[in-house]
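Numbering starts at 1 and runs along the sequence shown.
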Amino acid sequence: MNLLLALRTLRYLRWEQLLYRPWRLAQFRLYRAWPSLTARWIAADDNAPPASPQTLAALRTLFENSFPHLTPPLSQLSERITDLQTNRFTFLSRTLTLAPLDWNQRYESHLWNYQLHYFPYALWCARAFVEGGDHSAMRQCQRLIESWLAQARIGHSDGWDAYPISLRTVNWMYAYALVVERYDDTQFLKRWRGALFRQLDFLRHHLELHLLANHLFKNIKALIIGGLFFQHEEWLTTGLRLFQRELAEQVLPDGGHYERAPMYHAQTLADALECYALLKACGRTLPQESQLVAQLQAMTGFLAGLSYADGSLALFNDSANTEETRPLPILAAAEQILRAPLPTYPTSFPQTGYFLWRSPDEQEKIIVDAGPPAVGYNTAHAHCDLLSYELRLNGQPFIVDSGVHGYGGDRFRAYCRSTRAHNTVMFGGREQSEIWSTFRLARRACVLHAEAQTETQGWQFCGAYQPFYDRRLVHERRITRTTNGEWLFADSVRDGMIGDITSFIHLHPDVKFTLTEDSLAVRCTVGNSVVWIEP
């Protein structure tokens with residue numbers, strides 16, 4: 001069975017993925033077996049080019065004026081900075097005390113370990129030192145960096161995967177730019193800069209061409225910022241070429257990211273804005289700049305549409321409300337960097353497949369997911385959520401999506417990707433698309449049509465799809481918002497193997513509800529209002 005699933009999955013992949021995945025696996029096995037192959041990247045020397053004074057100055061200015069998404073108030077970080085003194089780390093709502101800390105060991109989960117190796121705390125400590133005069137925070141940051149350099153080994157440590165290298169080097173470059181003129185340990189600064197150069201060189205030779213999508217975009221961001229930081233033209237040229245290529249492919253005409261997960265859209269927009277802002281600040285001429293600005297504005301509109309007034313994201317596909325992808329600071333950064341007011345977002349994103357309606361005060365809002373599961377060759381973050389929706393009433397979350405729990409191969413991961421985790425219909429207990437393993441998707445549901453229109457009598461959406469297992473079965477859903485404030489959801493199904501029909505509605509945990517004894521009606525309290533769900 002797994003062989004059949006693998007064959008059904010492989011048919012969607014691109015040639016780069018088929019070529020580079022076995023090559024990357026072979027490379028890291030060789031590095032593990034013969035560490036001498038990695039000597040050029042883990043050498044302890046500090047012989048690296050100087051950092052560009054222009055780039056350092058530009059980064060400091062951008063932090064002060066244009067990067068609110070990277071600069072939450074220090075008061076929000078103080079507890080975490082204090083925890084660092086005892087090697088106490090909190091990621092993904094899990095706290096571990098790592099004493100002693102082994103940088104070659106995997107703690108908790110693969111994703112948790114990645115967070116550890118991203119070194120976001122380097123930026124926290126640098127800000128605490130520069131803005132708050134906290135020398136002890138920077139000393140602890142130095143100890144952590146030096147222990148990483150002494151221990152982490154290619155082929156053994158998760159920190160040498162290209163994705164954590166991309167995030168860590170950017171965090172280190174930002175932190176370095178903030179402290180370099182004030183920190184008194186110049187020998188450490190030289191070692192730190194040397195390590196940055198070697199890791200970026202390693203990244204340039206190990207781009208994630210086997211994954212592409214948001215992983216490759218993180219690699220590109222590191223190459224662009226690293227190229228400016230070290231005035232390394234080869235990195236910069238490669239980064240810019242891929243930056244233009246990937247934005248053209250990954251950003252759909254309606255401004256949405258092609259993986260169709262709001263969290264990854266927010267992340268990609270933030271990365272693109274940082275690259276654009278730094279390139280401009282360093283006086284680099286950008287080919288087709290007006291087209292790039294138009295793309296960034298369209299992406300900004302999409303993020304505004306797929307988020308809510310309280311600053312949270314819609315949770316379709318692999319999405320969560322993380323600190324790094326908070327919509328409001330990213331939207332504020334876009335407004336400052338693009339020097340334009342936030343665009344009024346549309347009510348439909350037809351290429352990405354999201355349709356929405358909102359009241360003038362945004363106290364009432366619905367978002368419907370009616371797009372393909374993801375881009376064909378990378379469905380790692382796709383769920384079975386076709387024709388699902390999120391609904392807010394009185395400014396409060398009412399009917400919600402389950403989002404993502406994590407990326408461990410456990411029952412929570414399987415549940416979050418399943419049809420039953422979303423506000424849609426399941427037929428015969430079967431999934432919409434053929435999900436398997438942690439990130440895999442074989443045969444996929446097929447969208448037939450989706451459209452929405454605002455009428456004098458209210459708003460109406462209509463969409464239909466066929467599940468992967470039966471191309472005769474058609475599920476069509478109509479959603480109507482009437483002028484008297486009612487929401488009507490009408491599901492119809494025809495042909496094919498229908499079996500038992502189960503319709504799922506997921507209420508937000510804060511919604512209080514009671515079931516009536518004599519009917520299937522549900523009485524819900526949303527804020528100060530009572531809402532009835534009646535079949």
Side-chain angles (χ1 to χ4, degrees), residues 46 48-74 77 81 84 118-135 137-146 148-149 164-201 203 218-233 235-236 239-240 270-284 324 329 333 336-337:
D46 53 18
S52 162
Q54 182 187 24
T55 303
L56 295 175
L59 281 172
R60 287 191 289 268
T61 300
L62 289 169
F63 262 88
E64 291 175 6
N65 302 310
S66 303
F67 286 176
H69 62 299
L70 296 177
T71 54
L74 280 177
L77 304 174
I81 293 172
L84 290 177
Y118 295 162
F119 266 81
Y121 37 90
L123 198 47
W124 310 341
C125 292
R127 290 186 55 218
F129 170 65
V130 172
E131 298 172 28
D134 188 346
H135 288 257
M138 198 58 213
R139 296 293 184 200
Q140 176 62 7
C141 180
Q142 176 180 344
R143 286 191 286 271
L144 290 169
I145 290 171
E146 290 189 321
W148 192 94
L149 297 178
I165 288 176
S166 299
L167 276 78
R168 180 176 59 256
T169 53
V170 170
N171 284 329
W172 281 8
M173 285 185 284
Y174 286 174
Y176 182 97
L178 292 179
V179 307
V180 65
E181 292 185 345
R182 303 189 189 186
Y183 200 55
D184 57 6
D185 193 335
T186 56
Q187 290 303 311
F188 163 67
L189 292 174
K190 288 177 65 178
R191 290 194 299 274
W192 193 9
R193 192 176 73 248
L196 268 169
F197 187 83
R198 292 191 299 275
Q199 289 174 52
L200 287 165
D201 183 61
L203 175 66
K218 284 292 188 187
N219 303 165
I220 293 166
K221 175 186 175 182
L223 283 182
I224 289 175
I225 297 175
L228 293 169
F229 189 90
F230 286 109
Q231 294 184 309
H232 196 296
E233 291 300 321
W235 295 347
L236 188 57
L240 283 173
D271 292 341
L273 287 169
E274 289 170 44
C275 290
Y276 173 73
L278 189 55
L279 286 162
K280 289 285 287 182
C282 291
R284 293 284 176 160
E324 297 77 15
Q336 294 175 34
I337 291 167

Under a 4.5 Å cut-off applied to non-hydrogen side-chain atoms, are [X] and [Y] in contact?
| X | Y | result |
| --- | --- | --- |
| Thr186 | Lys190 | no |
| Leu279 | Leu240 | yes |
| Pro72 | Arg127 | yes |
| Gln142 | Arg139 | yes |
| Val180 | Arg60 | yes |
| Phe188 | Ile145 | yes |
| Ser166 | Leu203 | yes |
| Leu178 | Leu123 | yes |

If you look at every heavy atom in [X] and [Y], which pair is closest and at what distance?
| X | Y | answer |
| --- | --- | --- |
| Ile81 | Ala128 | CD1-CB, 3.7 Å |
| Leu200 | Gly226 | CD1-CA, 3.7 Å |
| Leu228 | Ser52 | O-CB, 3.5 Å |
| Gly239 | Ile220 | O-CG2, 3.3 Å |
| Pro68 | Gln336 | CG-NE2, 4.1 Å |
| His69 | Pro329 | CA-CB, 3.5 Å |

Report the distance from atom [atom1] of [X] to atom [atom2] of [Y], rounding to the nearest 0.5 Å.
| X | Y | atom1 | atom2 | answer |
| --- | --- | --- | --- | --- |
| Phe119 | Trp172 | CZ | CH2 | 5.0 Å |
| Leu278 | Met173 | CG | CE | 9.0 Å |
| Glu131 | Phe63 | CD | CZ | 9.5 Å |
| Asn219 | Thr169 | CG | OG1 | 9.0 Å |
| Cys275 | Lys221 | SG | NZ | 6.5 Å |
| Asp134 | Cys141 | CG | SG | 11.5 Å |

*Kindly determine whether Asp201 and Phe230 satisfy side-chain contact (heavy atoms from CB on, under 4.5 Å), including the steps that lead there.*
CA-CA 11 Å; Asp201 183 61; Phe230 286 109; over 6 Å; no
*Below 4.0 angstrom, N of the basic side chain to O of the carboxylate: do Arg284 and Glu233 qualify?*
yes
*Report the C-alpha separation of Val130 and Glu181 in whole Å, then their side-chain angles, then the decisive distance to 0.1 Å, and conclude whether the side-chain contact (heavy atoms from CB on, under 4.5 Å) test is met.*
CA-CA 10 Å; Val130 172; Glu181 292 185 345; over 6 Å; no
*Between Arg143 and Gln140, does a side-chain contact (heavy atoms from CB on, under 4.5 Å) hold up when you go through it step by step?*
CA-CA 5 Å; Arg143 286 191 286 271; Gln140 176 62 7; 2.8 Å; yes
*Taking the six-membered ring for Trp, are Trp235 and Phe197 ring centroids under 6.0 Å apart?*
yes
*Hey, would you say the Tyr176 and Tyr174 ring centroids sit under 6.0 Å apart?*
no
*Does the Thr71 side chain pair with the main chain of Phe67, one donor and one acceptor, at a distance under 3.5 Å?*
yes
*Angle class for the Trp124/Tyr121 ring planes (parallel below 30°, perpendicular above 60°, tilted otherwise)?*
perpendicular
_Against Leu236, only a single residue in Leu223, Ile225, Ile224 fulfils side chain to side chain contact (heavy atoms under 4.5 Å, CB included); can you say which?_
Ile224
